[in-house]
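Notes follow the structure.
The figures here come from the full heavy-atom set of this structure, side chains too, leaving out hydrogens, waters and symmetry mates. Letters go in sequence order (proteins before strands), and every chain restarts at 1.
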There are 2 protein chains.
Amino acid sequence: MEKEGLRAIATQSALFSGLSDELAELLLSASTTRQLEKGVVLFHQSDAPERFLQVVSGLVRMTQISAEGTQTTLRIMRSGDLVGCVCVLQQFPYPATATVVEEAVVLSWRSAQFLDLVKRHQAIMENTLRIVGRYTKEMVERIGDASLKNVERRIAAALLRLAAQAGRQTEDGFELQFPITRDDLAEMAGLTYFTVSRTLSLWQKQGLVSSGRQRMTVFMPDQLAEIAYGRKQTAACLRGPNSGKSMQRPI
Amino acid sequence: MEKEGLRAIATQSALFSGLSDELAELLLSASTTRQLEKGVVLFHQSDAPERFLQVVSGLVRMTQISAEGTQTTLRIMRSGDLVGCVCVLQQFPYPATATVVEEAVVLSWRSAQFLDLVKRHQAIMENTLRIVGRYTKEMVERIGDASLKNVERRIAAALLRLAAQAGRQTEDGFELQFPITRDDLAEMAGLTYFTVSRTLSLWQKQGLVSSGRQRMTVFMPDQLAEIAYGRKQTAACLRGPNSGKSMQRPI
DNA sequence: CGTCACCTTGATGGATATCAAAAACCGTGG
DNA sequence: CCACGGTTTTTGATATCCATCAAGGTGACG
């Protein structure tokens, strides 16, 4: 990617949002640009945070490995997303492994250098805080998804997340932009790939999705959302009538 | 609580950390103090964020309700914790309901007022960012816990979280400071209270814990941690030998 | 001392993991 | 172009674990 194109894309992102030209220039010039092919690992779970990255193009997958040895995809990062930001700010070990799943261009800052910039410039800190906040919100939503018991719901929720993070809208619906296996989905939903396969077969018959080898298109996202989050038989209202104090299981 | 005692406790927290005396005074004086009895709801899930709170004393429980209508306890907040901070900063609806589970004193800022303070004072923003970051980290860990399939692991993980957030160390181990039912634990672990009861009975026989009616003491936290996170039969190594690029399931 | 909420334990069923085997798909190299 | 091998996917049979249902016990509190 030529230098100007990169600059144009990078400076449109949330991290650069609202910065003065000089400040944006300063931030950009402190970074190095890297082009990374599919399969490259940016960092490993539990590594010390040395670098802070912004995805300019391509896709990066964040995966966590559990105590049981099973991998879980936390989310897919794409253009504009910050990778490893929380860890760099807090000097925590990375909680997940970052792998390129579609050839990517990233901006990269050394940990200490970025910390310095953040501390020195209020506007950068403000942007960082906003991004971290959004990330937190997504994690909280993901916890909600993980607590779903119904299998179809979990798969639907996982698919919708993926579509939002790495989907391309086509005439038919959302198409996932990178090769996704049944096993990947199973990981995200906390199931086996057998169960995922059976469920997808069912949905395919119903015309909800189309899926082949490492390929996935969601035809009817609305209906998927209905499956995932829709009130069905379990019509427990999200909010009781008691809006004031008390009740709500006063434990 | 008398005014001076409150001030002493509040200004020791992470939010006030490193602030100049004047700034701390400014921040403190912008807040109102509220004493809340058990059962009071600070805000409901999906409410617009009107207030931002710091717990000074007591305990507040954050619970989320899923699409299936099941409640999940996200975490217990105690002295020094910020409640609703992310939402206020981003103007997101609260993702969870906050309920007092042990008589609490909280500082409360109006949303707009706190936003103003944060924007105006770098030091406050820095503290906020740090706190939000820590919160994010906990949520990511929680996602890992939620992906555990083994029942004992999930219960152990939930108990350890609770002990860390609301446990008091006694001569015997960690004792939970507020009434906790089997059902509460079941929620946190994504199980039924029958299963929790059976598991706790087993652990009690083994001397790991002692639990009665709404009461819970962990005698051997190390062993619980071993159950939750210990490598057992599934000795899948956390990090493969390939530390450089490539591999790691190049999808 | 009765009532209510919480807890325990047993029996059963159902959903999903597991095991097994074959089919579809893709890249590769003859 | 076609045959081959490996990977992914599908489908079926079985086993297992946990939710569900049922019944009774226990402790707290009026």
Side-chain angles (χ1 to χ4, degrees), chain A residues 38-39 66 68-72 101 146-156 158-159 176 178-206 209-217 227 232-234 247-251, chain B residues 38-39 66 68-72 101 146-159 176 178-206 209-217 227 233-234 247-251:
Chain A
K38 199 191 273 194
S66 80
E68 279 163 336
T70 57
Q71 241 185 135
T72 311
V101 290
S147 82
L148 296 172
K149 306 238 64 164
N150 182 295
V151 165
E152 297 207 5
R153 291 204 151 148
R154 302 174 67 130
I155 299 175
L159 254 183
L176 295 192
F178 68 104
I180 175 99
T181 64
R182 300 287 181 271
D183 205 44
D184 291 322
L185 259 180
E187 268 171 21
M188 294 188 69
L191 304 163
T192 62
Y193 62 91
F194 304 102
T195 303
V196 170
S197 177
R198 286 182 229 273
T199 304
L200 289 182
S201 297
L202 179 69
W203 285 350
Q204 186 139 11
K205 275 185 203 125
Q206 299 173 351
V209 303
S210 157
S211 68
R213 191 188 173 82
Q214 308 198 345
R215 192 186 51 70
M216 184 91 234
T217 305
I227 290 176
K232 288 263 178 84
Q233 60 281 41
T234 46
M247 276 298 297
Q248 199 78 0
R249 294 205 325 143
I251 200 178
Chain B
K38 199 192 274 194
S66 79
E68 281 163 335
T70 57
Q71 237 184 140
T72 312
V101 290
S147 82
L148 296 172
K149 306 237 64 164
N150 182 295
V151 166
E152 296 207 5
R153 290 203 152 148
R154 302 175 67 130
I155 299 175
L159 254 184
L176 294 192
F178 68 103
I180 175 98
T181 65
R182 301 286 181 271
D183 206 45
D184 292 322
L185 259 179
E187 266 172 23
M188 295 189 69
L191 303 165
T192 61
Y193 64 91
F194 305 103
T195 303
V196 170
S197 178
R198 286 182 232 273
T199 305
L200 288 180
S201 296
L202 180 68
W203 286 350
Q204 185 140 11
K205 276 184 202 127
Q206 299 172 352
V209 304
S210 157
S211 68
R213 190 186 175 80
Q214 305 198 350
R215 191 187 53 70
M216 184 92 234
T217 305
I227 290 175
Q233 58 282 43
T234 46
M247 278 299 297
Q248 199 79 1
R249 294 202 326 144
I251 203 174

Could you tell me the boundaries of the chain B footprint on DNA chain D, defined by atoms under 4.0 Å from its heavy atoms?
D/dC18 to D/dA28
Work out how much the helix from C/dC1-D/dG30 to C/dG30-D/dC1 bends between its end axes, five pairs an end, to the nearest 10 degrees.
30°
B/Q206 meets the side-chain hydrogen bond (donor to acceptor under 3.5 Å, both in side chains) criterion, sequence neighbours left out, with none
Go nucleotide by nucleotide along DNA chain D from the 5' end; which of A/Q204 and B/V151 gets its closest nucleotide reached first?
A/Q204
Taking 5' to 3' order, which nucleotide of DNA chain C is first and which is last to have an atom within less than 4.0 Å of a heavy atom in chain A?
C/dT16 to C/dC26
Taking only residues two or more places apart in sequence or in another chain, which ones pass side chain to side chain contact (heavy atoms under 4.5 Å, CB included) with B/R213?
none
Under the side-chain hydrogen bond (donor to acceptor under 3.5 Å, both in side chains) test, which residues partner A/R154, sequence neighbours left out?
none
Not counting sequence neighbours, which residues clear side chain to side chain contact (heavy atoms under 4.5 Å, CB included) with A/R215? List them please.
A/S210, A/T217
Could you pick out which residue, A/K149 or A/G212, lies toward the 5' side of DNA chain D when each is mapped onto its nearest nucleotide?
A/G212
Residues which pass side chain to side chain contact (heavy atoms under 4.5 Å, CB included) with A/T199, listed by chain and number, not counting sequence neighbours
A/V151, A/E152, A/I155, A/T195, A/W203
Could you tell me whether the side chain of B/M216 reaches within less than 4.5 Å of the side chain of B/V209, counting heavy atoms only?
yes
Taking side-chain contact (heavy atoms from CB on, under 4.5 Å) as the criterion, tell me which of B/L185, B/D183, B/D184, B/L200 meets it with B/Y193.
B/D183
Note: contacts of residues 190-199 of chain A with DNA chain D (heavy atom, under 4.0 Å) are A/Y193, A/F194, A/S197, A/R198
For A/R213, report the nucleic acid contact type (base, sugar-phosphate, nothing); a contact means any heavy atom under 4.0 Å.
base
Working to the nearest 0.5 Å, report the span between CG of A/L159 and CE of A/M188.
8.5 Å
If you take all heavy atoms of B/E68 and A/K149, which pair is closest and at what distance?
OE1-N, 2.8 Å
Any residue meeting side chain to side chain contact (heavy atoms under 4.5 Å, CB included) with A/S201, in chain and number order, not counting sequence neighbours
A/S197
For B/S211, which contact category applies under a 4.0 Å heavy-atom criterion: base, sugar-phosphate, or nothing?
nothing
